Protein chains: 2
Amino acid sequence: MNIGEVAIVSGLPAKTIRYYEDIGLVKPLRDTNGYRAFRTRDAHKLTFLGRARALGFSIEDCRKLLALWADDTRASADVKALAKDHLRAIDDKIADLQDMRQTLDHLVRECAGDHRPDCPILQSMARQTDMNSKASG
Amino acid sequence: MNIGEVAIVSGLPAKTIRYYEDIGLVKPLRDTNGYRAFRTRDAHKLTFLGRARALGFSIEDCRKLLALWADDTRASADVKALAKDHLRAIDDKIADLQDMRQTLDHLVRECAGDHRPDCPILQSMARQTDMNSKASG
DNA sequence: GATAGGGCTTCCCCTTACTGGAAGGTCAAG
DNA sequence: CTTGACCTTCCAGTAAGGGGAAGCCCTATC
């Protein structure tokens, strides 16, 4: 399979596949003309990578997952630990975003959104703390 | 104020403040020794930037917000529009993360997490579609 | 055989928003 | 005069690719 075909099969852009080769995630063969020659298992690996990335795993996590996948003697506990760590990271991100969301949503609701310059959103971001107002320049 | 002091006052790392000068967000004066000399309004600007960034606004959005903040004739509608766009972007991100979270959480619950190699997490990421299984290498 | 086109190759720069570090100037204290 | 904390600039790197140039390869068509 050439890169174009494996791109269709795996659902990944050719650019991404070349990048994955660069960083050692896949090692396709080469035809005599220099073209990459992907085997079926390379395609499967790329599909795997696409799924793992879609679940938000980092490239380095994907590298570990691939190693576990390839290891018939793996313990599912190791995979689960990776997944749970990632789940926690996702939860943290969601919490951060929800904090932002709440603050911003509140400000948006407070803002009249008319032709006048008065704006609680700007006021909130400009409000100086005591610490700041003490500093004179 | 030197950069160290304004870093404390604004809560931003000195490195970040230099970067903000590089990209034109703040324009501190210079002392004869070459040190940056921040005025009170520079410090306020940096605090504003820190707040806006904490709400997740991009640097380019921050640039627009600063311009609106500086413009006494602004319409609060313009600020509100920016904020609402950003709120939508946040909502999209949260939705994406929650999708990931749900899938991953499901897989984690399915996985025994023991010494055996059988792992629904890996299986899920490795599962080939019909399209894929048709491709032979 | 020449040509057109599409696919493939490598290479380098660009993105976001900084962070780390090296090499060196400046300032106040002892 | 030295020490140490501050400041300066510049270079490189981060995550995960995307864009695009310059050029080779392959097939079809004339």
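Chain A is the first sequence line, chain B the second, and so forth, proteins listed ahead of strands; every chain is numbered from 1. Being a predicted model, the structure only gives us computed values, none of them experimental.
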| query | Does the pair Arg18(A)/Asp22(A) count as a salt bridge with the N-to-O cut at 4.0 Å? | reply | no
| request: Remember a base hit wins even if backbone is also touched, and classify Ile3(A) as base, sugar-phosphate or nothing at under 4.0 Å, heavy atoms. | output: sugar-phosphate
| note | Ordered by number, residues from residues 83-97 of chain B within less than 4.0 Å of DNA chain D (heavy atoms) are none
| message | Please report the distance, rounded to the nearest Å, between CG in Leu49(B) and C1' in dA17(C). | response | 13 Å
| field | Integer-rounded Å distance: dT9(C) C1' and Ile17(A) CD1 | value | 15 Å
| query | Should Arg36(A) be listed as having a side-chain N or O under 4.0 Å from OP1 or OP2 of dT9(C)? | reply | yes
| note | Distance col, row Arg53(B):CZ vs Asp61(B):CG, nearest 0.5 angstrom, shows 9.5 Å
| task | Check whether any side-chain N or O of Asn2(B) sits under 3.5 Å from a backbone N or O of Gly4(B) as a donor-acceptor pair, and report yes or no. | result | no
| remark: Here the distance between atom C1' of dC12(C) and atom CG of Asp22(A), to the nearest Å, is 12 Å
| query | For Arg30(B) and dT9(D), is the shortest distance between a side-chain N/O and OP1 or OP2 below 4.0 Å? | reply | yes
Which pairs, protein N/O on one side and nucleotides 25-28 of chain C N/O on the other, fall under 3.5 Å?
{"unit_1": "dG25(C)", "atom_1": "N2", "unit_2": "Tyr35(B)", "atom_2": "OH", "d": "3.0"}
{"unit_1": "dT26(C)", "atom_1": "O4'", "unit_2": "Tyr35(B)", "atom_2": "OH", "d": "3.4"}
{"unit_1": "dC27(C)", "atom_1": "OP1", "unit_2": "Asn33(B)", "atom_2": "ND2", "d": "3.1"}

| query | Just checking, any donor-acceptor pair under 3.5 angstrom between side chains of Ser76(B) and Asp114(A)? | reply | yes
| request: Check the distance between dT9(C)'s C1' and Phe38(A)'s CZ and give it to me in whole angstrom. | output: 12 Å
| task | Answer yes or no: is there an ion pair linking Asp92(B) with Arg88(B), defined by an N-O contact shorter than 4.0 Å? | result | no
| Reckon Arg18(A) touches a base, only the sugar-phosphate, or nothing at all at heavy-atom distances under 4.0 Å? | base
| query | Any chance CD of Gln102(A) has more than 12 other-residue heavy atoms, nucleotides or ligands included, within less than 6.0 Å? | reply | no
| message | Are there over 12 heavy-atom neighbours, none belonging to Arg30(A), within less than 6.0 Å of that residue's CZ? | response | yes
| task | State whether the side chain of Asp71(A) and the backbone N or O of Thr73(A) hold a donor-acceptor pair below 3.5 Å, judged by distance alone. | result | yes
| remark: So CG of Leu87(B) and CG of Leu107(A): to nearest 0.5 Å the spacing works out to 10.0 Å
| Asp42(A) with Arg39(A): basic N within carboxylate O range, under 4.0 Å | yes
| Going by the ring pair (Phe, Tyr, Trp, His ring centres under 6.0 Å) test, which pairs reach into residues 85-108 of chain A, not counting sequence neighbours? | Phe57(A)-His86(A)
| query | Should Leu66(A) and Leu46(A) be regarded as members of a common hydrophobic cluster, given that ILVMFWY residues are connected when their side-chain heavy atoms come within less than 4.5 Å of each other, either directly or indirectly? | reply | yes
| task | Quick one, give me the B/S/- string for nucleotides 14-19 of chain D, reading 5' to 3', where B means a protein heavy atom under 4.0 Å from the base and S means that only happens at the primed atoms, P, OP1 or OP2. | result | --BBSB
Side-chain donor-acceptor pairs of residues 93-101 of chain B under 3.5 Å, sequence neighbours excluded:
{"unit_1": "Arg101(B)", "atom_1": "NH1", "unit_2": "Asp91(A)", "atom_2": "OD1", "d": "2.6"}
{"unit_1": "Arg101(B)", "atom_1": "NH1", "unit_2": "Asp91(A)", "atom_2": "OD2", "d": "2.7"}

| Hey, is Glu21(B) close enough to Arg36(B) for a salt bridge, meaning N to O under 4.0 Å? | yes
| note | Axis-to-axis angle across the helix from dG1(C)-dC30(D) to dG30(C)-dC1(D), five pairs each end, nearest 10 degrees, ~ 30°
| task | Can you tell me the distance, in whole Å, between the CG atom of Leu29(B) and the P atom of dT8(D)? | result | 13 Å
